[in-house]
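Notes to accompany the following structure.
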There are 2 protein chains.
Amino acid sequence: MSTGRERAASSPTVADVAKAAGVSFATAARALGGYGHVSAKARAAVEAAGAELGYRRNDVARALASGSTRSVGLVVGDIENPFFATVSRGVADVLEPEGYTLLLANSDEDPAREARAIEALRTQVDGLLIAPAASAGAARTQDPGKPLVLLDRSVNGLEADCVTVENAAGATRAVEHLVERGHRRIGIVTSGAGSSSTAQRIRGYRGALKAAGLEIDPAWEAVTPEFTPTGARDAALRLLGAPKRRRVTAVFATDNFMTHGVWLAARELGLKVPDELAVVAFDDIDWLTLVDPQVTAVVQPVMELGREAGRLLLRRLAEPGAKVRRVRLGTELVVRASSG
Amino acid sequence: MSTGRERAASSPTVADVAKAAGVSFATAARALGGYGHVSAKARAAVEAAGAELGYRRNDVARALASGSTRSVGLVVGDIENPFFATVSRGVADVLEPEGYTLLLANSDEDPAREARAIEALRTQVDGLLIAPAASAGAARTQDPGKPLVLLDRSVNGLEADCVTVENAAGATRAVEHLVERGHRRIGIVTSGAGSSSTAQRIRGYRGALKAAGLEIDPAWEAVTPEFTPTGARDAALRLLGAPKRRRVTAVFATDNFMTHGVWLAARELGLKVPDELAVVAFDDIDWLTLVDPQVTAVVQPVMELGREAGRLLLRRLAEPGAKVRRVRLGTELVVRASSG
DNA sequence: CTGAAAGCGCTAACAG
DNA sequence: CTGTTAGCGCTTTCAG
């Protein structure tokens, strides 16, 4: 079985290839690593020897020696939220072609877990993309000492590249639309305003009511501490369970989980949409056009949000001293049947 | 500004902490790294110095020295597919508590991209989880030389730990249900059978028809090469656009993208579900209970699939020589309104 | 329990 | 263009 000449079972290293190719360690390293100058002849010899031995570069060693890992970390609230799934895809689409690998972590919208994720990721990546759970939270205090871009949400007092959408304006537009349709009692179903984007949507909602000369009734603001469809359902049930005469005739849901909850609650209560309850959602998502009636929504460019964040990170990686850039993406109200 | 005593701006290393704590390099390394024996006194000194200087372990260096990265790679078809999003979450849920970081890559169901992803990940991880794009593809030829577990799909001739669901049985049950409801012309909307799970579902469909003594008509099998809802819609349109007399009265969709396509096509053609068309889906997904009528589905334990895969990898990491284990998870048919 | 020293596999000066 | 030689920051023998 044994010819008595095999190497150890583990992967061949640059030194092994160099020996086999009959060149110096440095030459082999250069040819294999694709840097510096190597003559065509030497390169050919090294490549042949490399292929023969089945050489494969050790990225960990390369990272330690070069100081760059060629990977980036992404911390999202919950990868099961289609919003973040799409964002991740956008990020991957711009970073992978540049040779970066994506490291993913879920924060579960919890600043403590977010902090742990940042800590676990910081030394293994060249840069970090974070959708901060709370605007006062971990992302600010955890300075990873690496390029960082904030995604979808900003953090008070943190001077970092940031991509968001026009949350307040989008929310305002949604509510204006409801006002135009004749609604006077307009509620909102939202998660606790931990994230800046949610906070801004709430602000946009209130601003639009005020601008229309309408009352702002705390009883119309259903807040769930849980960032889940069932949490949203419970909150919506409380809001919509009010006696008909005091009940809101329209509701604005601040994100796709909230919309899901509203939809469940309306069905449970037997409220006819849009006749008994008009609905406008923030964030478009597949099923909004699959249900009947289809749901009116503030569409945000989710994939582009991820892409742009990726681009910002790429730029900062290339140019660490560049001026902080804050990109704000527009939204669009797409009117469908649920708003009457 | 300068007291003339600061260190370089970069992160402090074990050596810096050792010096500050007045102990040897090795002692500091042990205390900081949490291994070996260190006296309480020395540990306290090191910890104080570490906190003072803001020491943070460099995981890349640790990985190179120890040979273990404490991270694992996950290659999925498309993180935007809710199925994979949930799987990822399941994997993360079991691996993160063990201190592993998750590296994510999308293969876009393309063996070539899958191969590239495996290659990019292999040296940076302790183990790999892969949902192989094709049963003949990359996962087999790319031997990463690291523990590997197959997720949701198996690969012919690859002796590796594997978690799947009972695809054929689930599909058979779905079709039997349709037969019980009196259907005789039952179609299928599916992606090309690149993956083992899809292939098995198609097999289950055919098997059930045969067992019921029904015809197996190739014209009833709508196949899309694209693994997307729009691809599925196009295929479904062709299937359902047939003249009424020859048209199928029921359709089985092999996964959630296919179901989405069927739903779109049925609406476009104005087919009333379930009266003019009964629908059964493989894989339950949120919106199936949000639409009207609600969709009957073969429910698979998606989160558990991810968790179990994570557990298998953990086991193999701990015990590399263990016997290959193949886990098969059960499914359950949940009857709702779409099947009549 | 502590210390010294040898690497992990590669990149990056620096000479030639 | 090629070769030599330090490290990168940590884990891990091996002695004491």
Side-chain angles (χ1 to χ4, degrees), chain A residues 7-47 49-50 53-71 99 122-126 145-146, chain B residues 7-47 49-50 53-71 99 122-126 145-146:
Chain A
R7 279 188 21 74
S10 71
S11 265
T13 71
V14 172
D16 299 323
V17 176
K19 201 171 303 169
V23 299
S24 77
F25 176 92
T27 299
R30 283 193 268 255
L32 259 11
Y35 58 90
H37 300 288
V38 185
S39 69
K41 195 176 135 208
R43 158 160 292 119
V46 172
E47 274 167 5
L53 298 180
Y55 171 80
R56 285 147 105 179
R57 174 175 65 217
N58 181 328
D59 287 318
V60 172
R62 155 176 276 215
L64 180 59
S66 71
S68 158
T69 62
R70 299 300 291 178
S71 58
R122 61 177 288 282
T123 54
Q124 324 190 32
V125 300
D126 288 353
K146 289 278 172 71
Chain B
R7 277 190 20 75
S10 72
S11 264
T13 70
V14 172
D16 299 324
V17 176
K19 202 171 305 171
V23 300
S24 76
F25 176 92
T27 299
R30 284 192 266 254
L32 259 12
Y35 57 89
H37 299 287
V38 185
S39 68
K41 195 175 137 207
R43 158 161 290 120
V46 171
E47 274 166 5
L53 297 180
Y55 171 80
R56 286 147 105 179
R57 175 175 65 216
N58 180 327
D59 287 316
V60 172
R62 155 175 279 214
L64 180 59
S66 70
S68 158
T69 62
R70 300 299 291 178
S71 56
R122 61 177 287 282
T123 55
Q124 323 190 32
V125 299
D126 288 353
K146 291 278 171 71

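Since this is a predicted model, take the numbers as computed values, not measurements. Naming convention: chains lettered A, B, ... in sequence-line order (proteins, then strands); numbering from 1 in each chain.
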Could you state the atom-to-atom distance from CG of A/N58 to C1' of C/dG9 in whole Å?
6 Å

Among the nucleotides D/dT2, C/dG9, D/dG9, which one has an atom lying closest to any side-chain atom of A/A42?
D/dT2

Roughly how many Å is it from CZ in A/R62 to P in D/dG7, rounded to a whole number?
22 Å

Round to the nearest Å and state the distance from B/D59 atom CG to D/dC10 atom C1'.
10 Å

Can you tell me if the side-chain N/O atoms of B/S39 get under 4.0 Å from OP1 or OP2 in C/dT2?
yes

Selection from C/dT11, C/dT2, D/dG3 that lies nearest to any side-chain heavy atom of A/T27
D/dG3

Whole-Å gap separating C1' (D/dG9) and OH (B/Y55)
8 Å

Closest heavy-atom pair and its distance - B/S24, B/A18:
O-CB, 3.7 Å

Which pair of non-hydrogen atoms, one from A/R62 and one from A/G33, has the smallest distance, and what is that distance?
NH2-O, 3.3 Å

Name the residue closer to the 5' end of DNA chain C, choosing between A/A29 and B/R30 according to the nucleotide with the nearest heavy atom.
B/R30

Using OP1 and OP2 only, check whether a side-chain N or O of A/Y35 sits under 4.0 Å from C/dT11.
yes

Where the side chain of A/A26 is concerned, which of D/dG3, C/dC10, C/dT2 is the nearest nucleotide?
D/dG3

With respect to the side chain of B/A61, which nucleotide from D/dC10, C/dT2, D/dT12 is positioned closest?
D/dC10

Contact summary for B/V17 and B/G50, nearest pair of heavy atoms
CG1-N, 3.8 Å

In this structure, how many angstroms lie between the P atom of C/dC14 and the CZ atom of A/F25, rounded?
18 Å

If you apply the rule side chain to side chain donor-acceptor pair (under 3.5 Å), what do you find for A/D126 with A/S68, and how did you get there?
CA-CA 6 Å; A/D126 288 353; A/S68 158; 2.8 Å; yes

Look at the side chain of B/T13 and decide which nucleotide, out of C/dT2, D/dC10, D/dC1, has an atom nearest to it.
D/dC10

What's the CD-P distance between B/Q124 and C/dG9, to the nearest Å?
16 Å

Side-chain N or O of A/S24 versus OP1/OP2 of D/dG3: is the shortest distance under 4.0 Å?
yes

Classify A/V38 by what it touches in the nucleic acid, base, sugar-phosphate, or nothing, heavy-atom distance under 4.0 Å.
sugar-phosphate

Look only at the side chain of B/T69 and the backbone of B/A63, and say whether a donor-acceptor pair between them is shorter than 3.5 Å.
no

Which comes earlier along DNA chain C counting from the 5' end, the contact point of A/A63 or that of B/A28, where each point is its nearest nucleotide?
B/A28

